[in-house]
A.B. asks: 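Below is the structure I would like to discuss, written out as structure tokens.
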Amino acid sequence: MDVSTKPLDLNRLRCALELPQRSPLVAKTASPPPRITPDRIARGLANREFFVEFQPKVALRTGRVVGAEALARWRTAEFGMVSPMVFIPIAEQAGLMREVTDCILSSALSQGRKMIERNPGFTIAVNISGSLMSDLTLPDRIEEILRRENVPPSSLTVEITETTAMADVDRANDILVRLRLKNIGTAIDDFGTGYSSLAVLARLPFSELKIDQSFIKGCESDDDMMKIVDASVALAKAFNMKVVAEGVENSEALEIIRRVGCDVAQGFYFAPSLRRSRAERWISERNSLADEQAASATPAALAS
């Protein structure tokens, strides 16, 4: 990647600095993305090849795991694991996102039900494609899946990217209002990467704001990133939204987001995405430890 041309592109420079060093031979022989077709996606849906992994979300005040983001995964016999970066655009172009989303949502809720039952207030977050944000039947379909999987609506948060919400504000508002009326949480995802305005944020009924990881990763060493994180938290609080920081990878970033008032964090500092059994075990151990620490701290707190 040539980053020496002018004017200097800071995003390209950051990417170049963050990429691991690879030899020319590795770069030349890297495997191309698998040739996925819409028919292969449809067959994968029929064969139940799609599943989810869970990345835990930790409350900064208590240290307890209060939720998890369900991330779409696809394992095939001929290609192995296929990245969502590959199959999602193809599914969107082929008009298959309704089926893929319903499959992922059902998987997330059925696999996440024990986490919800064992941890009061626990929520599962699922991303919704922008191609579905013109479908007014979406809220009713989500409600039906919740009913079928026996999960209360308040235990689900639907994540919608900032650019998706801004593409058609009136239609997005209609769908978001319907979701909120059903007691389903709504989060604006990747905040700061789009072009939302204060006026639009005031209109759209989001219950949660997720600060994009590109700002979190640089906040401990970049004053400008720090200002964006700080301003995003203040904005969310002004609209009574919970603030989630994604992409937390070190203790320095954790300390900063805690100091500026973020409510919840997720990222490799805590845990990567995990299969259901590992996620359940990790959440149980983390919450037991947090409860023990809280109990041991109580006498000192009472004495002060």
Side-chain angles (χ1 to χ4, degrees), residues 51-71 107-127 146 149-159 183-187 189 206-211 213 216-217 219-220 229 233 236-237 240-304:
F51 62 98
V52 297
E53 291 183 340
F54 297 93
Q55 185 169 44
K57 299 166 70 174
V58 177
L60 297 183
R61 187 178 62 84
T62 65
R64 300 190 93 254
V65 185
V66 293
E69 180 175 358
L71 301 170
S107 178
L109 295 176
S110 63
Q111 293 189 48
R113 188 185 304 115
K114 284 187 178 179
M115 303 177 202
I116 293 169
E117 293 172 348
R118 294 172 179 173
N119 303 279
F122 196 93
T123 59
I124 299 293
V126 177
N127 287 278
L146 283 162
E149 300 297 342
N150 195 29
V151 173
S154 60
S155 297
L156 172 66
T157 297
V158 171
E159 295 188 357
N183 206 26
I184 296 169
T186 55
D189 196 14
F206 287 108
S207 57
E208 182 178 294
L209 183 149
K210 295 191 72 177
I211 304 175
Q213 60 182 336
I216 301 299
K217 288 181 178 179
C219 69
E220 71 272 16
V229 172
V233 172
K237 298 297 184 180
N240 297 315
M241 288 187 281
K242 181 189 298 181
V243 188
V244 178
E246 56 181 347
V248 177
E249 296 187 351
N250 54 59
S251 59
E252 291 81 9
L254 176 62
E255 179 56 33
I256 288 172
I257 62 172
R258 179 182 281 120
R259 187 172 68 244
V260 298
C262 285
D263 301 299
V264 177
Q266 67 181 91
F268 287 127
Y269 179 78
F270 300 104
S273 60
L274 305 169
R275 294 295 298 271
R276 179 187 63 184
S277 58
R278 288 190 61 199
E280 290 176 351
R281 185 165 59 252
W282 191 93
I283 291 168
S284 176
E285 292 172 355
R286 171 87 190 196
N287 284 351
S288 294
L289 178 61
D291 291 342
E292 289 175 5
Q293 292 175 340
S296 63
T298 299
L302 291 176
S304 61

A.B. asks: Considering only heavy atoms from C-beta outward, does the side chain of Ser155 approach that of Phe122 to under 4.5 Å?
C.D. replies: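 A side-chain contact is absent here, since even the closest heavy-atom pair is not under 4.5 Å.
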
A.B. asks: If you apply the rule side-chain contact (heavy atoms from CB on, under 4.5 Å), what do you find for Thr186 with Thr157, and how did you get there?
C.D. replies: CA-CA 5 Å; Thr186 55; Thr157 297; 6.0 Å; no

A.B. asks: Are side-chain heavy atoms of Phe54 and Ile283 found at a separation under 4.5 Å?
C.D. replies: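 Result no, sub-4.5 Å side-chain heavy-atom pair not found.
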
A.B. asks: Salt bridge check, Lys210 against Glu69: does any charged N sit closer than 4.0 Å to a carboxylate O?
C.D. replies: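 Yes, charged N to carboxylate O under 4.0 Å.
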
A.B. asks: Answer yes when Glu117 and Lys114 have at least one side-chain N-carboxylate O distance shorter than 4.0 Å, and no when they do not.
C.D. replies: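 Looking at Lys114 together with Glu117, the answer is no, because their closest N to O distance does not fall below 4.0 Å.
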
A.B. asks: So that I can tick it off, tell me whether Glu246 and Lys217 are bridged by a salt bridge, with the cut-off set at under 4.0 angstrom between side-chain N and carboxylate O.
C.D. replies: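 Glu246 and Lys217: not salt-bridged.
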
A.B. asks: Tell me if a side-chain donor or acceptor on Ser288 pairs with a main-chain N or O of Glu285 at a distance below 3.5 Å.
C.D. replies: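 Pair absent, no side-chain N/O of Ser288 close to backbone of Glu285.
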
A.B. asks: Using 4.0 Å as the upper bound for N to carboxylate O, is an ion pair formed by Arg64 and Asp291?
C.D. replies: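 So Asp291 pairs with Arg64 through a salt bridge.
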
A.B. asks: Do the side chains of Val65 and Asn119 get nearer than 4.5 Å, heavy atoms only?
C.D. replies: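 No. Closest side-chain heavy atoms not under 4.5 Å.
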
A.B. asks: Are Ile184 and Val158 close enough that some pair of their side-chain heavy atoms sits under 4.5 Å apart?
C.D. replies: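 With C-beta onward as the side chain, the pair touches.
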
A.B. asks: Out of curiosity, Leu109 CG to Leu146 CG, how far, rounded to the nearest 0.5 Å?
C.D. replies: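 If I round to the nearest 0.5 Å, the distance is 5.5 Å.
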
A.B. asks: Measuring from Asn240:CG to Phe206:CZ, what's the distance to the nearest 0.5 Å?
C.D. replies: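 Separation between the atoms: 15.0 Å.
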
A.B. asks: Would you check if there is a donor-acceptor pair between the side chains of Gln55 and Ser273 at a distance under 3.5 Å?
C.D. replies: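 Looking only at side-chain atoms, Gln55 and Ser273 do not form any donor-acceptor pair under 3.5 Å.
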
A.B. asks: For Glu252 and Glu255, what are the C-alpha separation, side-chain angles and deciding distance, and is it a side-chain contact (heavy atoms from CB on, under 4.5 Å)?
C.D. replies: CA-CA 5 Å; Glu252 291 81 9; Glu255 179 56 33; 5.9 Å; no

A.B. asks: Heavy atoms only: give me the nearest Glu159-Asp189 pair and the separation to one decimal.
C.D. replies: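 That would be OE1-OD2, 3.4 Å.
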
A.B. asks: Are Leu209 and Val233 close enough, and set up right, to give a side-chain contact (heavy atoms from CB on, under 4.5 Å), and what steps lead you there?
C.D. replies: CA-CA 8 Å; Leu209 183 149; Val233 172; over 6 Å; no

A.B. asks: With a cut-off of under 6.0 Å to the ring centre and 45° to the axis, is Arg286 in cation-pi contact with Phe270?
C.D. replies: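 No, a cation-pi geometry is absent between Arg286 and Phe270.
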
A.B. asks: Check step by step if salt bridge (charged side-chain N to carboxylate O under 4.0 Å, His left out) holds for Asp263 and Lys237.
C.D. replies: CA-CA 10 Å; Asp263 301 299; Lys237 298 297 184 180; 2.9 Å; yes

A.B. asks: Side chain of Asn250, backbone of Ala253: donor and acceptor closer than 3.5 Å?
C.D. replies: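 Yes, because the side chain of Asn250 sits within donor-acceptor range (under 3.5 Å) of the backbone of Ala253.
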
A.B. asks: Could you report the tightest heavy-atom contact between Thr123 and Ser154, atom names first, then the distance?
C.D. replies: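 The pair with the smallest heavy-atom distance is CG2-O, 3.6 Å.
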
A.B. asks: Could you report the tightest heavy-atom contact between Pro272 and Pro56, atom names first, then the distance?
C.D. replies: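 Shortest heavy-atom contact: O-CD, 3.8 Å.
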
A.B. asks: At their closest point, which heavy atom of Val244 faces which heavy atom of Gln266, and how far apart are they?
C.D. replies: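 Residues Val244 and Gln266, closest heavy atoms: CG1-OE1, 4.1 Å.
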
A.B. asks: Roughly how far, to the nearest 0.5 Å, is the CD1 atom of Ile256 from the SG atom of Cys262?
C.D. replies: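 The SG atom of Cys262 sits 10.5 Å away from the CD1 atom of Ile256.
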
A.B. asks: Show your working on salt bridge (charged side-chain N to carboxylate O under 4.0 Å, His left out) between Glu208 and Lys57 and close with a plain yes or no.
C.D. replies: CA-CA 13 Å; Glu208 182 178 294; Lys57 299 166 70 174; 3.4 Å; yes

A.B. asks: To the nearest 0.5 Å, tell me how far Arg275 CZ sits from Glu280 CD.
C.D. replies: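 So the CZ of Arg275 and the CD of Glu280 are separated by 12.0 Å.
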
A.B. asks: Distance check, rounded to the nearest 0.5 Å: Glu53 atom CD versus Ser107 atom OG?
C.D. replies: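 Glu53 atom CD to Ser107 atom OG measures 10.5 Å (nearest 0.5 Å).
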
A.B. asks: Could you go through Val151 and Ile116, starting from their C-alpha distance and side-chain angles, then the distance that decides it, and tell me whether this counts as side-chain contact (heavy atoms from CB on, under 4.5 Å)?
C.D. replies: CA-CA 8 Å; Val151 173; Ile116 293 169; 3.7 Å; yes

A.B. asks: Is any side-chain heavy atom of Val248 closer than 4.5 Å to one of Phe268?
C.D. replies: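 The answer is no, as the side chains (C-beta and beyond) never meet within the 4.5 Å cut-off.
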
A.B. asks: Please report the closest heavy-atom contact between Val126 and Leu156, naming both atoms and the distance.
C.D. replies: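 That closest heavy-atom pairing would be CG2-CD1, 4.1 Å.
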
A.B. asks: Does any part of the side chain of Leu60, heavy atoms only, come nearer than 4.5 Å to the side chain of Val264, both counted from C-beta?
C.D. replies: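 They are not in side-chain contact.
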
A.B. asks: Could you tell me which non-hydrogen atom of Ala279 sits nearest to which non-hydrogen atom of Met115, and how far apart they are?
C.D. replies: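 Residues Ala279 and Met115, closest heavy atoms: CB-CE, 3.8 Å.
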
A.B. asks: To the nearest 0.5 Å, how far apart are CD1 in Ile124 and CD in Gln111?
C.D. replies: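 It comes to 9.5 Å.
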
A.B. asks: Report yes or no: does Asn183 contribute a side-chain atom to a donor-acceptor pair with the main-chain N or O of Pro153 at less than 3.5 Å?
C.D. replies: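 Not at all, since once roles are kept as given, no pair shorter than 3.5 Å links the two residues.
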
A.B. asks: Any side-chain heavy-atom pair from Ile211 and Ile216 closer than 4.5 angstrom?
C.D. replies: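 Side chain of Ile211 against side chain of Ile216, heavy atoms only: contact under 4.5 Å found.
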
